[in-house]
Amino acid sequence: MEKIKMTTPLVEMDGDEMTRILWRSIKDELILPFVDLKTEYYDLGLPNRDATGDQVTMDAALANKKYGVSVKCATITPNAQRMDEYKLHEMWKSPNGTIRAVLDGTVFRAPIMIDCIKPAVRSWKKPITIARHAYGDVYKCTEFRVPGPGRAELRFTGEDGSKQEAVIYDFECPGVLQGSYNKDSSIASFARSCFAYALDAKQDLWFGAKDTISKKYDHTFKDIFQEIYDAEYKDKFEAAGITYFYSLIDDIVARVIRSEGGFIWACKNYDGDVMSDMVSTAFGSLAMMTSVLVSPDANYEYEAAHGTVTRHYYKYLKGEETSTNPVATLFAWSGALRKRGELDGIDALGRFADALEKATIDTIESGVMTGDLCAMWEGETPARKVTSLQFLQEIRSRMEQALA
Ligand code: NAP
Ligand code: MG
């Protein structure tokens, strides 16, 4: 069989632990046999980040900007325990944080739905896509512990020397203090990415923030969304028969649970971080949630929403069989290849991505799946739990049959 040719390289960012093992198997079993794969490879595994002083992460982010499309494996964000475990020179920053700071943009996370796995929320019939603002707020904050009594103040000094000041709190005891920020330009590109994505998906867009309590910070988000909607998207939304809906985040959360799904839920950075884990778990499994970062200048970074699955990796190191779910990582590859095909006018790549995703879903619907899904399986035939590799091989044989 002739392999599909590529013209532009995909930026490939390798990662850590169990997902690094899955990465290799996905390529060997499901990509390399079918695609004459062209990638520019960056090893974002923690040992190499440490060896390069984290330069490799910056290089990978810049390559993403250069070529437009990347696929990323989950990576460890170091903490004190990892410093010890990997004998690190420094507690390197989260690679996703670094990449998002370079690309800016919005992360869209959507669950992969399976007929025989019912969402925990009974009313949900269609996927809910979370659009997470991937810039600023608590992820770029400055914070410290307050040692004891004293005054905390907020001050802004303009380039022209003008000052704005306010007392935050007169501390009578030790405590904590945090300063966070966002930029109108980033909020505006967040809004535009969400409106554009909603139009593309032909789905309603919901947005919630805490503007009643945060009368400047969150209110600015609400205002910028509304201004951009009125000026640039209202007519297009009406023509497409979809709506934009803003409400308080508390109200949105309640409505999400009562809904039947099928919309985009725009969230500020922290809300999106937390809510995407809740939504993905309620839809079935963290391992069934896809994630793509879309930058305002149309760069795309595809990844799984979950982490490196450390607990499974430690078992794997002890020689135990693991049944880690590779679906979200696999869909990161199919998503990136489809986008590369779209940008380069290679239809065969798009067809391959569609076939790969279909073969994956068909495999699960036939009752063959990894351990995490078995507990939720409601199909007529009993679920057959397989290892990650057996699962990938099952998908491969479906692909080969489909192509034969
Ligand atoms: P995690 O890797 O997402 O795993 C948490 C738990 O969720 C696992 O122990 C497992 O549950 C279940 N799970 C997640 N993905 C699964 C899969 N594909 N198949 C089966 N089960 C899956 O989160 P974590 O353990 O909190 O974090 C581990 C490391 O990942 C950390 O070092 C963190 O920094 C990093 N991380 C990276 C990213 C990223 O690169 N995007 C995101 C989040 C976390 P059971 O153990 O019950 O089976
Ligand atoms: Mg999270």
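In this text, all values refer to a predicted model and were calculated from it rather than measured experimentally. Note that ligands are numbered from 1 as they come in the structure, with each ligand's atoms numbered from 1 the same way.
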Undergrad: Quick one: which of Val56, Asp54, Thr98 gives a side chain to side chain contact (heavy atoms under 4.5 Å, CB included) with Leu44?
TA: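 Filter result, single survivor: Val56.
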Undergrad: Among Pro95, Gly307, Gly15, Ser323, whose heavy atom sits nearest atom 3 (O) of ligand 1?
TA: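 Considering heavy atoms of Pro95, Gly307, Gly15, Ser323, the nearest to atom 3 (O) of ligand 1 sits in Gly307.
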Undergrad: Which of the listed options, Gln81, Met13, Met288, His312, holds the heavy atom that is closest to atom 21 (N) of ligand 1?
TA: His312
Undergrad: Quick one: are Met288 and Ile114 in side-chain contact, heavy atoms under 4.5 Å?
TA: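 They are in side-chain contact.
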Undergrad: Does any N or O of ligand 1 fall below 3.5 Å from an N or O anywhere on Ala304, backbone included?
TA: no
Undergrad: What atoms in ligand 1 come closer than 4.0 Å to a heavy atom of Glu303?
TA: 41 (N)
Undergrad: Please determine if Asp372 has a nitrogen or oxygen closer than 3.5 Å to a nitrogen or oxygen of ligand 1.
TA: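 N/O-N/O distance under 3.5 Å: no.
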Undergrad: Going by atom type alone, with no hydrogens or angles, which donor-acceptor pairs under 3.5 Å involve a side-chain atom of residues 68-80 and a protein atom two or more places apart or on another chain?
TA:
residue : atom : partner : partner atom : Å
Ser70   : OG   : Asn64   : OD1          : 2.6
Lys72   : NZ   : Thr75   : OG1          : 2.9
Lys72   : NZ   : Asn96   : OD1          : 3.1
Asn79   : OD1  : Gln81   : N            : 3.3
Asn79   : OD1  : Arg82   : N            : 3.0

Undergrad: I need the contact type for Met18 against ligand 1. Using non-hydrogen atoms and a strict under-4.0 Å cut-off, is it side chain, backbone, both or neither?
TA: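 Neither; nothing of Met18 gets under 4.0 Å from ligand 1.
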Undergrad: Tell me whether Thr75 has any N or O atom under 3.5 angstrom from an N or O of ligand 1.
TA: yes
Undergrad: Are the ring centres of Trp333 and Tyr302 closer than 6.0 Å?
TA: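 That pair fails the under 6.0 Å test.
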Undergrad: Considering the heavy atoms of Ile76, write down every atom of ligand 1 situated less than 4.0 Å from one of them.
TA: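 Near Ile76, meaning under 4.0 Å from one of its heavy atoms, ligand 1 has 32 (O), 34 (O).
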Undergrad: For ligand 1, which is the ligand I care about here, please tell me if Thr324 has any N or O atom under 3.5 Å from one of the ligand's N or O atoms.
TA: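 No, Thr324 has no N/O under 3.5 Å of an N/O on ligand 1.
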Undergrad: Under 4.0 Å from a heavy atom of Asn96: which atoms of ligand 1 are those, numbered in the order shown and with their elements?
TA: 39 (C), 40 (O), 41 (N)
Undergrad: Do Phe237 and Tyr229 have their ring centres less than 6.0 Å from each other?
TA: yes
Undergrad: Taking 4.0 Å as the limit for heavy-atom contacts, which would you say applies to Arg82 with ligand 1: side chain only, backbone only, both, or neither?
TA: side chain
Undergrad: Which atom pairs, one a donor and one an acceptor, fall under 3.5 Å between side chains of residues 395-404 and the rest of the protein, sequence neighbours left out?
TA:
residue : atom : partner : partner atom : Å
Arg396  : NE   : Glu400  : OE2          : 3.0
Arg396  : NH1  : Glu29   : OE1          : 3.3
Ser397  : OG   : Glu394  : O            : 3.1
Arg398  : NE   : Thr363  : OG1          : 3.3
Arg398  : NH2  : Ser366  : OG           : 3.4

Undergrad: State, with a plain yes or no, whether a side-chain heavy atom of Phe207 is found less than 4.5 Å away from one of Tyr244.
TA: yes
Undergrad: With a cut-off of 4.0 Å, which atoms of ligand 1 are near a heavy atom of Ala287?
TA: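 Those atoms are 16 (C), 17 (C), 18 (N), 19 (N).
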Undergrad: Please classify the His306 to ligand 1 contact at 4.0 Å (heavy-atom distances, strictly less than): side chain, backbone, both or neither.
TA: both
Undergrad: Based purely on interatomic distance, does Ala74 place a nitrogen or oxygen under 3.5 Å from a nitrogen or oxygen of ligand 1?
TA: no
Undergrad: What do you reckon, is OH of Tyr270 surrounded by more than 12 foreign heavy atoms closer than 6.0 Å?
TA: no
Undergrad: Can you see whether Asp372 engages Ser285 through a side-chain donor-acceptor pair at a distance of less than 3.5 angstrom?
TA: yes
Undergrad: Looking only at distance, does Glu17 have an N or O less than 3.5 Å from an N or O of ligand 1?
TA: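 Among all N and O atoms of Glu17, none is under 3.5 Å from an N or O of ligand 1.
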Undergrad: Just to be sure I'm reading this right: ignoring hydrogens, which of Thr77, Asn325, Thr310, Asp277 gets closest to atom 34 (O) of ligand 1? Compare them by their nearest heavy atoms.
TA: Thr77
Undergrad: Which one holds for Asn79 and ligand 1: side chain close, backbone close, both close, or neither close, with close meaning a heavy atom under 4.0 Å?
TA: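 Answer for Asn79: neither.
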Undergrad: Taking the side chain from Trp23 and the backbone from Thr329, do they hold a donor-acceptor pair closer than 3.5 Å?
TA: no
